[in-house]
There are 2 protein chains.
Amino acid sequence: MPKKKEYTLKGLRERELLDLADLFKMFADSTRIKILYDLFDGEKNVTEICEDIEMNQSAVSHQLRALKTAKLIKSRREGKSVMYSLDDDHVKTIIEMGKEHIEE
Amino acid sequence: MPKKKEYTLKGLRERELLDLADLFKMFADSTRIKILYDLFDGEKNVTEICEDIEMNQSAVSHQLRALKTAKLIKSRREGKSVMYSLDDDHVKTIIEMGKEHIEE
DNA sequence: TGAACATATGATAATATATTCATATGAAAA
DNA sequence: TTTTCATATGAATATATTATCATATGTTCA
């Protein structure tokens, strides 16, 4: 019997559309935007990030995990610290595009 | 007396960071992504959009308003219909960047 | 004018999300 | 091996967001 046609919107499957929305969710919170933007100048540990963005450690840690899950940042341990850095070239572009929009 | 120093993160003010997050919120929902993506090929009325993305009229109308408030789309009335179209060149770029990310 | 069609809106309920607090884990230094 | 510093995590609360339902508004045409 014929399978029910899968929903697509001009080639994009439902799954991809949901993934796309999930990706943009990562940029849709000011704490996460601050973290990403803060990492524009390179690797930083959690304490540094907390100071830069003026948020407490737990909140930052939760958001770092979300960003890491979304593969927007990566981490490596260095002694007691964990160093975080951007893991995707598109991050800067996406944020820059956003900035251009709001600056109009 | 000295004013308390306003929070900025490398030149971006708190206000701008919030605006940036608000902008990306518009892309952070699959209904809105579908609408934007649907409008890639040009102007459409509400009924068409509803059919294309398979969502009911009220939900679509609510989201159209959000997108319009964010200045991502614009509208004009044509008889009984209201035609919507993209109102920002960055929209396509932002979504394309997102697609590239998830396709990796 | 009043049907019929197209779109918008307000209120509500369901769901998702973020921050905080308390505490756990992990690494280094005393 | 205990203390200290750095980070992660779970639970709970508070807040935000979305879809739905009912209905209102606006437009055309008979």
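Within every chain, numbering begins at 1; the chains are lettered A, B, ... in the order of the sequence lines, protein sequences first and strands thereafter. Predicted model, so just to flag it, every value in this text is computed and none were measured.
Sorted by first and then second residue, the salt bridge (Lys or Arg N to Asp or Glu O under 4.0 Å) pairs with a member in residues 56-73 of chain A form an empty list; sequence neighbours excluded.
Considering only the side chain of A:Y84, D:dA8 comes nearest among C:dT9, C:dT19, D:dA8. Closest to the side chain of B:K80, out of D:dC5, C:dA8, D:dT28, is D:dT28. Of the candidate nucleotides C:dA18, D:dT7, C:dA8, C:dA18 has the atom nearest to the side chain of A:R32. If you check D:dG10, D:dT7, C:dA8 against the side chain of A:R65, the one that comes closest is D:dG10. Of the listed nucleotides (C:dG26, D:dA19, C:dA18), C:dA18 has the atom at the smallest distance from the side chain of A:D29.
For D:dT7, the OP1/OP2 oxygens have a side-chain nitrogen or oxygen of A:S81 closer than 4.0 Å. Within the 4.0 Å cut-off from OP1 or OP2 of D:dC21, not a single side-chain nitrogen or oxygen of B:Q57 is found. Put simply, A:T31 has a side-chain N or O that comes within less than 4.0 Å of OP1 or OP2 on C:dT19.
Atom-to-atom, CZ of B:R77 to P of C:dC5 comes out at 16 Å; the value is rounded to the nearest Å. One atom, CG of A:L64, and another, C1' of D:dT7, lie 10 Å apart when rounded to the nearest Å. A:E54 places its CD atom 16 Å from the C1' atom of C:dT19, with the value rounded to the nearest Å. Straight-line distance from the CZ atom of A:R76 to the P atom of D:dT7: 12 Å, rounded to whole Å. The CD-P distance, from B:Q63 to D:dT17, rounds to 11 Å in whole Å. As rounded to whole Å, 10 Å separates atom P of C:dA18 from atom CG of A:L67. Atom CD1 of B:I53 is separated from atom C1' of D:dT18 by 13 Å (rounded to the nearest Å). One can place NZ of B:K44 at 17 Å from P of C:dA6, the figure rounded to the nearest angstrom.
A salt bridge does not link A:E54 with A:K34: none of the charged nitrogens is closer than 4.0 Å to a carboxylate oxygen.
Looking at which nucleotide of DNA chain C each of B:M83 and A:N56 is closest to, the 5′-most match is held by B:M83.
Not a single donor-acceptor pair under 3.5 Å links the side chain of B:R76 to the backbone N or O of B:M83.
In A:D41, the CG atom is crowded: over 12 heavy atoms of neighbouring residues, nucleotides or ligands sit closer than 6.0 Å.
To the nearest 0.5 angstrom, B:I73 atom CD1 is 4.5 Å from B:L67 atom CG. Between the CD atom in A:E43 and the CD atom in A:E48 there is a gap of 9.5 Å [rounded to 0.5 Å]. With rounding to the nearest 0.5 Å, the separation of OH in B:Y84 from CG in B:L64 is 5.0 Å.
Within 4.0 Å of B:S61, counting heavy atoms only, lies at least one base atom of the nucleic acid. Here A:S58 lies in heavy-atom contact (under 4.0 Å) with a base.
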Just the table, please: protein N/O against nucleotides 14-16 of chain D N/O, every pair under 3.5 Å.
none

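Looking at residues two or more places apart in sequence or on another chain, you find a side chain to side chain contact (heavy atoms under 4.5 Å, CB included) between B:D19 and A:I102, B:R15.
Applying the 3.5 Å distance criterion, the base of C:dT20 shares a donor-acceptor pair with the side chain of A:H62.
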